[in-house]
Amino acid sequence: MSGFDKVVHSYEEAMQGLEDGMTVIAGGFGLCGIPENLINQIKKLGVKDLTIVSNNCGVDGFGLGVLLEDKQIKTMIASYVGENKLFEQQMLSGELEVILTPQGTLAEKMRAAGAGIPAFYTATGYGTPIGEGKEVREFNGRKYILEESIKGDFAIVKAWKADRYGNAIYRHTAQNFNPMAATAGKITVMEVEEIVEPGELDPTQVQTPGIYVDRLIQGTFEKRIEKRTVRSA
Amino acid sequence: MSGFDKVVHSYEEAMQGLEDGMTVIAGGFGLCGIPENLINQIKKLGVKDLTIVSNNCGVDGFGLGVLLEDKQIKTMIASYVGENKLFEQQMLSGELEVILTPQGTLAEKMRAAGAGIPAFYTATGYGTPIGEGKEVREFNGRKYILEESIKGDFAIVKAWKADRYGNAIYRHTAQNFNPMAATAGKITVMEVEEIVEPGELDPTQVQTPGIYVDRLIQGTFEKRIEKRTVRSA
Amino acid sequence: MTLSREQMAMRVARELKDGYYVNLGIGIPTLVANYIPEGIEVMFQSENGLLGMGPFPTEEQLDADLINAGKETVTTINGASIFSSADSFAMIRGGHVDFTVLGAFEVDVKGNIASWMIPGKLVKGMGGAMDLVAAAPNIIVMMTHADKYGNSKLLEQCSLPLTGAGCIKRVMTDLAFVEIDHEQGAFILKERAPGISVDEIVGKTGGKLIVPDNVPEMEF
Amino acid sequence: MTLSREQMAMRVARELKDGYYVNLGIGIPTLVANYIPEGIEVMFQSENGLLGMGPFPTEEQLDADLINAGKETVTTINGASIFSSADSFAMIRGGHVDFTVLGAFEVDVKGNIASWMIPGKLVKGMGGAMDLVAAAPNIIVMMTHADKYGNSKLLEQCSLPLTGAGCIKRVMTDLAFVEIDHEQGAFILKERAPGISVDEIVGKTGGKLIVPDNVPEMEF
């Protein structure tokens with residue numbers, strides 16, 4: 001079988017090598033497009049002292065929230081957290097360190113890591129607590145702060161379809177942080193709803209080229225909705 | 001008609017407002033995916049002292065090369081030039097200033113301009129003439145140089161299909177610099193092979209969202225091949 | 001009388017222009033979508049990666065993979081595009097969104113805004129607010145003029161940790177429509193709510209307030 | 001005898017591993033594609049935005065919109081992906097390409113490389129070469145050991161303007177396969193071309209050259 005075939009057949013294999021103290025970058029926004037099963041596997045592994053980088057930390061009992069139950073997270077880097085009681089408790093007790101990062105800066109930090117850019121300037125956060133201790137520089141009369149990239153030992157992402165080589169496409173706004181996360185892991189693990197054969201996806205429409213994917217697994221997903229808003233037909 | 005309809009009906013209208021001394025960012029790689037007709041319109045307008053930002057400068061008589069005939073280009077920012085005699089002549093005589101920029105840095109400078117990032121660090125060019133006069137900084141034991149973004153008064157891009165709102169997709173490797181160029185113009189003008197109605201393109205597959213496009217025109221293209229390489233069937 | 005949230009939204013909506021790409025913050029700002037003036041079209045950007053957000057889905061359309069920045073299920077309109085969070089904030093940070101409306105706790109005469117953190121209370125995070133305020137060339141803050149204890153939210157200097165420095169130029173409150181002159185370090189009273197006196201607004205404005213000779217009443 | 005370009009390519013190709021993503025520079029490096037060892041698959045990246053480059057097209061397949069970084073018309077293989085130049089160099093700069101082969105004018109004992117500019121001659125530009133050398137964790141330079149006048153191209157210090165500083169660790173020439181120890185500031189002779197003596201290589205190497213006890217001959 002081709003050296004480009006990234007498919008693994010168990011979640012054990014998918015997350016093999018994850019150890020205490022590692023940094024894990026996770027795709028997803030809220031509960032949308034999160035790598036549900038890879039997160040559950042991290043819980044199962046019981047590894048501790050993790051640094052998790054993700055826009056949010058799930059909810060009680062679902063998504064990254066499950067990693068709070070056994071206090072597996074030491075540091076959370078996110079833009080918006082606290083949709084869950086456990087998170088609040090552990091943060092207030094000091095068991096959980098939280099590094100709040102503006103959403104766009106977080107996305108760009110992941111992209112930069114994948115793109116070999118160690119740091120970039122952004123106006124976001126200048127003059128706020130987020131800018132404290134960071135270099136300030138003026139360009140064209142405006143003040144910017146220096147932000148560094150953020151790389152993970154592992155990146156866990158959720159896509160819709162991928163071919164065996166790991167070329168992936170995302171469904172609707174379940175894309176969100178996943179493509180950047182995919183580029184920012186030393187080991188990138190992707191779970192998808194469907195695996196297809198190479199050649200089935202239009203090369204121009206591939207959103208994450210397989211070069212970024214180390215392990216690929218097909219899973220089934222609950223896809224819980226956080227805020228169910230509907231209108232009458 | 002909707003305020004989002006970007007369609008214009010003449011190349012005069014498409015390039016209206018272009019003046020002497022302006023900076024124009026152009027998509028394309030070699031002769032692939034270049035905005036042929038927009039370039040010809042710039043020639044027709046006869047504007048002078050332009051700064052052109054593009055990976056290459058076309059060939060004699062085609063692509064950006066036509067702007068050399070009446071000495072319309074004052075400064076060329078590119079990664080690889082000189083496929084044309086006129087270019088060589090004007091560069092050697094000092095009529096044309098050339099700022100050589102590594103290809104990846106050039107692409108990132110355009111992206112950064114569109115993304116509100118005034119500057120970024122890259123290892124590319126460190127210790128070379130490209131790094132001279134630029135700030136050097138070490139991150140994780142490696143040396144990087146600071147590169148600034150590059151914005152255009154105009155950006156001219158070529159896409160394959162776009163809807164009237166300017167949501168565009170590219171064909172094969174004719175994508176190249178076009179998506180970044182599209183984000184980096186104060187005024188972005190896009191020419192395409194086919195204009196379709198909003199709703200005809202899958203939102204997930206749009207490569208340049210219409211928000212970046214100010215004017216859209218349908219054209220016909222020669223698509224000259226620079227190096228015709230074929231094999232027997 | 002003080003304006004209702006709907007009236008505030010109505011007034012803000014009058015600033016919309018045909019062809020505007022608009023980002024509405026979570027909470028009161030979303031009401032603006034209900035009052036788009038006749039004859040114009042705007043397109044909504046949601047910072048999780050959607051341009052061309054449509055109304056909530058019907059039961060049949062409901063899709064967990066299609067949400068907005070408030071994590072609500074939504075739909076797309078014809079001509080929508082969907083992209084990554086990095087591309088979404090490139091769009092925002094690059095100043096391509098024409099019009100942004102956000103809530104706040106405080107703004108001050110230098111255009112500073114505080115909207116994400118109250119020390120001593122649980123901090124949930126800034127989400128995309130810091131990116132939005134730093135990037136939006138055209139932003140309106142929507143909030144009540146004073147808090148429930150009567151303390152002004154338009155201050156000489158913000159007391160809470162900032163969301164952004166020097167970035168706010170217009171504020172819509174339940175009493176007035178106010179501009180900020182960063183150079184002068186002052187609010188400028190542009191319009192007042194029907195029946196609200198200039199004196200009341202002056203009294204409820206903590207920072208320096210310039211009152212032009214003519215301050216028209218808003219009409220609804 | 002000195003190696004032919006084909007033999008140089010053959011030897012370099014032996015460094016390929018199954019599943020490698022590979023970028024081959026314009027010119028001699030492209031020959032490497034002809035000698036992929038049996039039983040392994042590699043995928044070619046072309047920096048204009050293509051991963052999974054296939055062979056030249058037939059007349060029927062010829063398409064002006066599908067070219068490689070050398071501006072030659074190409075095809076795609078099953079499992080290819082196509083992306084923008086920014087995404088392509090993100091891939092390169094981020095160190096995701098496993099193996100890169102480039103030509104050069106000179107390299108030196110510090111791993112510096114000069115490959116794009118000869119002062120006094122017309123300068124056409126570096127294209128993607130500076131990005132490639134700065135980023136490739138695993139790069140082999142392919143060039144003749146000396147120029148046509150017999151001057152060594154493996155120097156104590158590059159004399160031409162650099163393409164990259166301290167980034168080259170392996171060089172394949174028509175005489176030898178050489179590693180560079182940046183710390184020691186020396187070339188290390190790993191293999192020699194069949195029938196080429198160590199003395200000849202020493203004589204044609206400008207920079208410090210460490211010669212291990214055993215320097216095997218390459219076999220073809």
Side-chain angles (χ1 to χ4, degrees), chain A residues 27 29-33 55-56 78-83 87-88 91-92 98 100-108 110-112 122-131 142-144 160 170-180 207 221-233, chain C residues 46-50 53 55-76 80 82-93 95 110 112-114 116-117 119 122-135 161-167:
Chain A
F29 177 88
L31 301 182
C32 182
N55 190 60
N56 315 91
S79 88
Y80 195 83
V81 291
E83 299 288 21
F87 193 96
E88 188 176 333
M91 185 165 77
L92 292 175
V98 180
L100 290 171
T101 305
Q103 197 172 140
T105 297
L106 186 64
E108 192 67 14
M110 292 184 195
R111 181 200 179 261
T122 176
T124 301
Y126 165 72
T128 78
I130 296 309
R142 189 145 192 230
K143 299 267 183 39
Y144 297 83
W160 180 28
Y170 301 92
R171 195 161 169 277
H172 303 323
T173 58
Q175 181 176 170
N176 56 60
F177 281 83
N178 282 299
M180 290 78 70
Q207 291 166 315
F221 299 85
E222 177 185 336
K223 292 197 190 182
R224 193 181 293 185
I225 293 175
E226 201 162 347
K227 294 188 188 163
R228 195 175 183 286
T229 45
V230 292
R231 66 187 160 99
S232 41
Chain C
S46 190
E47 63 264 30
N48 56 318
L50 169 58
M53 179 168 53
F56 292 149
T58 61
E59 285 286 347
E60 290 69 36
Q61 294 171 322
L62 189 75
D63 190 325
D65 287 336
L66 187 48
I67 67 169
N68 66 14
K71 288 150 195 167
E72 299 165 325
T73 44
V74 293
T75 56
T76 56
I82 291 174
F83 31 82
S84 73
S85 300
D87 285 346
S88 184
F89 282 93
M91 192 179 280
I92 289 167
R93 204 189 301 105
K110 295 291 188 189
N112 296 323
I113 173 172
W116 72 287
M117 179 186 182
L122 186 72
V123 178
K124 293 202 170 189
M126 70 294 286
M130 283 196 182
D131 306 279
L132 282 161
V133 299
L162 298 186
T163 309
C167 39

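The OG1 atom of A/T101 sits 10.0 Å away from atom CE of C/M130, with the distance rounded to the nearest 0.5 Å.
Taking chain A as the reference chain and counting heavy-atom pairs below 4.5 Å, the highest number among C/L162, C/D131, C/T58 is found for C/D131. Across C/L122, C/T163, C/I92, C/V123, the residue that shares the most heavy-atom pairs under 4.5 angstrom with chain A is C/L122. Put simply, of C/A69, C/S46, C/S88, the one with the most heavy-atom pairs under 4.5 Å next to chain A is C/A69. Chain A forms more heavy-atom pairs under 4.5 Å with one residue of C/G49, C/G128, C/A114, C/C167 than with any other, namely C/G128.
Between C/D63 and A/K223 no salt bridge is recorded (no basic side-chain N to carboxylate O distance below 4.0 Å). Note on A/R228 versus C/E59: salt bridge recorded, some NZ/NE/NH1/NH2 to OD/OE distance being below 4.0 Å.
In this structure, chain C has a heavy atom under 4.5 Å from the side chain of A/Q175, while its backbone stays farther away. For A/M91, the part sitting under 4.5 Å from any heavy atom of chain C is the side chain, from C-beta outward, and nothing else. Of the atoms belonging to A/N178, not a single heavy atom falls under 4.5 Å from chain C. Within the 4.5 angstrom heavy-atom criterion, only backbone atoms of C/N68 (N, CA, C, O) approach chain A. With a 4.5 Å cut-off on non-hydrogen atoms, A/L31 does not touch chain C at all. Looking at C/L66, both its backbone and its side chain come within 4.5 Å of chain A, counting heavy atoms on both sides. For C/Q61, the part lying under 4.5 angstrom from a heavy atom of chain A is the side chain only.
At a cut-off of 3.5 Å, with distance as the only test, a side-chain donor of A/S79 or A/N55 sits close to an acceptor on the other residue.
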Take A/T122 and A/T105 through the side-chain hydrogen bond (donor to acceptor under 3.5 Å, both in side chains) test and state the conclusion after the steps.
CA-CA 8 Å; A/T122 176; A/T105 297; 4.6 Å; no
